[in-house]
K.L.:
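Dropping the structure in here first, questions after.
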Number of protein chains: 2
Amino acid sequence: MSQTVDRALSILPLLAEGPADLGQVADRLGVHKSTALRLLRTLHEHGLVYRQSDQRYRLGARLIALAQEAMENLDIREIAHPHLVRLNEHCGHTVHLAVYEEDEVLYIDKVESRYPVRMYSRIGKPVAITVAAVAKLLLADLSEQERRALAEKLDYPMYTARSTPNPDAFLRELAKVREQGWATDLGGHEESINCVAAPIRGADGRVVAAMSVSAPNVVVTADELLTLLPLVRRTADDISGEYSGRNPAKNPV
Amino acid sequence: MSQTVDRALSILPLLAEGPADLGQVADRLGVHKSTALRLLRTLHEHGLVYRQSDQRYRLGARLIALAQEAMENLDIREIAHPHLVRLNEHCGHTVHLAVYEEDEVLYIDKVESRYPVRMYSRIGKPVAITVAAVAKLLLADLSEQERRALAEKLDYPMYTARSTPNPDAFLRELAKVREQGWATDLGGHEESINCVAAPIRGADGRVVAAMSVSAPNVVVTADELLTLLPLVRRTADDISGEYSGRNPAKNPV
DNA sequence: TGGTGCGTTGCAATACCTGCAACACTCATT
DNA sequence: AATGAGTGTTGCAGGTATTGCAACGCACCA
């Protein structure tokens, strides 16, 4: 691990919180201003940070472009997208696609609800890993050691009274999800929002992604949402089949 | 500029082209394998690169999350979004929002067309800077020296017969756009797609962003699209007003 | 069994990074 | 107008952190 690079990269999450000037960056890195300046200059040359008119630094445009390319390289996304759209056209609710990577679960695709009430979420945003239905599916597929290790490491914020409270409860939930092959989040993240989710598997049976349908109570009750479960699972299986090369696409574009 | 950081950051665009193994990265950087390994490890620790199961490296999830936060910090996007949605609801076509930064113009928001025929574009993707209507508006606002310098620096790919062919033509087009306060792209990027665009200005009158409406010939002719110009300009002006704090939001969420 | 192609590790040499101190500049304040 | 505080910036000497090498471990294949 390279100290210089390590410091430089530490600047990025720092700037993600908002613009900062040279002094602030230097302080938070714990280095001299001149050192911070040179690191920032290097980041600037690569377009990862931008210097706005008030001289402060913020994250740059190339970072966004890079992330864009990163997502285009995720072929699961390309394959799944039309299926997600079709599911949304059928049920009208918000549809998400998520993957697991290095202790994080994040949304990589989303089709917005066609109801006026929408839920907040953004592609690229890490999800609430201890409560989200897609997170449960992705983590349930890890080995038991990995699950235990991760469960201990996590925080368990009580978003609502029904949030997963601690590692034990989380591990039990993962075991259940692993068993049944699907997952729900019934008001564990936001009081009035429910989700049902199903796993997408690669050729070797490992879970490579998970998809979910989310809707607020004011639109459908949890019970009504659960009636969609068979459809969600079928859609996930279709994507699995196409991803692992078993089935060709039904509606090639 | 720090050599170590410079090398490390050079890995990112390289991996954006697709996954690569250690040897490939070392070769393209022109350094020893062990050096490349240590740089990759540092990038890995920060989540910017991910090591997939076949040991090859690709861009990591945190990069996507960072870019997400970068976009959320762009307040022009937050302000403009509801206006873009409303414009889309009215006319049904694809609506884009773009900004200029360091010789690049890129889309930072998009509302999809409600017609079945959609155009390809992605948030975060740099736009075809010599032909896109939004690019013309953003560049037209630069000082004359900046415009000349940039015009010389650019490439002028002939996407179609109507693409801007050279610096002189581009500078003339920018002068015209600067004069009239709006811009078009009539088949300059893709033969059958037309756009009309209008500038969004900050309190000091400088152009901070540009928005456009795009539609393929098969849906509306160029002339029909131009009838939307007043509406597009009005929307852009509304956003300008709100951004510069002159008008409060009309429909606060 | 031996060979090839990977990724990985310890080490010595030195290139590169660091922090310092002085400078340039803007902006308030007097 | 002059002073001062707060920025960001530059050159430099010292020494740390980075580099490339060479050797090793390992998987795969012949």
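Hydrogens, waters and symmetry mates are skipped; everything else that's a heavy atom, side chains included, is used. Every chain is numbered from 1 and lettered A, B, ... according to where its sequence line falls, protein lines coming before strand lines.
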K.L.:
Take B:L139 and B:Y100, measure what side-chain contact (heavy atoms from CB on, under 4.5 Å) needs, and give me the verdict at the end.
P.N.:
CA-CA 8 Å; B:L139 300 186; B:Y100 167 80; 3.4 Å; yes
K.L.:
Map A:R51 and B:T35 onto DNA chain D by nearest heavy atom, then report which one ends up closer to the 5' terminus.
P.N.:
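On the 5' side of the pair lies A:R51.
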K.L.:
CG of B:D6 versus P of D:dT18: gap in Å, rounded?
P.N.:
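Computing the B:D6:CG to D:dT18:P distance gives 15 Å.
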K.L.:
Distance alone, cut at 3.5 Å: any donor-acceptor contact between the side chains of A:Y50 and A:R58?
P.N.:
no
K.L.:
How about B:H83 and B:D238: does a side-chain donor come under 3.5 Å of a side-chain acceptor?
P.N.:
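B:H83 vs B:D238: no donor-acceptor pair found between side chains.
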K.L.:
Indicate the ring-plane relationship of A:Y107 and A:H96, choosing parallel, tilted or perpendicular according to the 30° and 60° boundaries.
P.N.:
parallel
K.L.:
Let me know the distance between CE of B:M1 and P of D:dT9, rounded to the nearest Å.
P.N.:
12 Å
K.L.:
Base, sugar-phosphate or nothing for B:S34? Non-hydrogen atoms, less than 4.0 Å.
P.N.:
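Here B:S34 touches the bases of the nucleic acid.
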K.L.:
Just how far, in rounded Å, is C1' of D:dT18 from CD of A:Q3?
P.N.:
10 Å
K.L.:
Should A:L39 and A:L29 count as side-chain neighbours, where that means a heavy-atom distance under 4.5 Å?
P.N.:
yes
K.L.:
Salt bridge or not for B:R28 and B:E17, using N-O below 4.0 Å?
P.N.:
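Between B:E17 and B:R28 there is a salt bridge, with a charged N closer than 4.0 Å to a carboxylate O.
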K.L.:
In whole Å, I'd like the distance from the CG atom of A:L29 to the P atom of C:dT18.
P.N.:
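These atoms are roughly 10 Å apart.
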K.L.:
Could you check how far CZ of B:R56 sits from C1' of C:dG5, rounded to whole Å?
P.N.:
16 Å
K.L.:
Strictly under 3.5 Å: I want the nitrogen or oxygen pairs between protein and nucleotides 4-7 of chain D, one per line.
P.N.:
none

K.L.:
Are A:S143 and A:E146 close enough that a side-chain donor and a side-chain acceptor fall under 3.5 Å?
P.N.:
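The answer is yes; a qualifying pair exists.
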K.L.:
Figure out the NE2/C1' separation between B:H32 and C:dC11, and round it to whole Å.
P.N.:
13 Å
K.L.:
Any ion pair linking B:D54 and B:R56 (charged N to carboxylate O, less than 4.0 Å)?
P.N.:
yes
K.L.:
Please find the pair of heavy atoms, one from A:A67 and one from B:A67, that lie closest to each other, and give the distance.
P.N.:
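What the structure gives for the nearest pair is CB-CB, 3.4 Å.
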K.L.:
When you measure from every atom of DNA chain C, which of residues 36-48 of chain A have a heavy atom less than 4.0 Å away?
P.N.:
A:R38
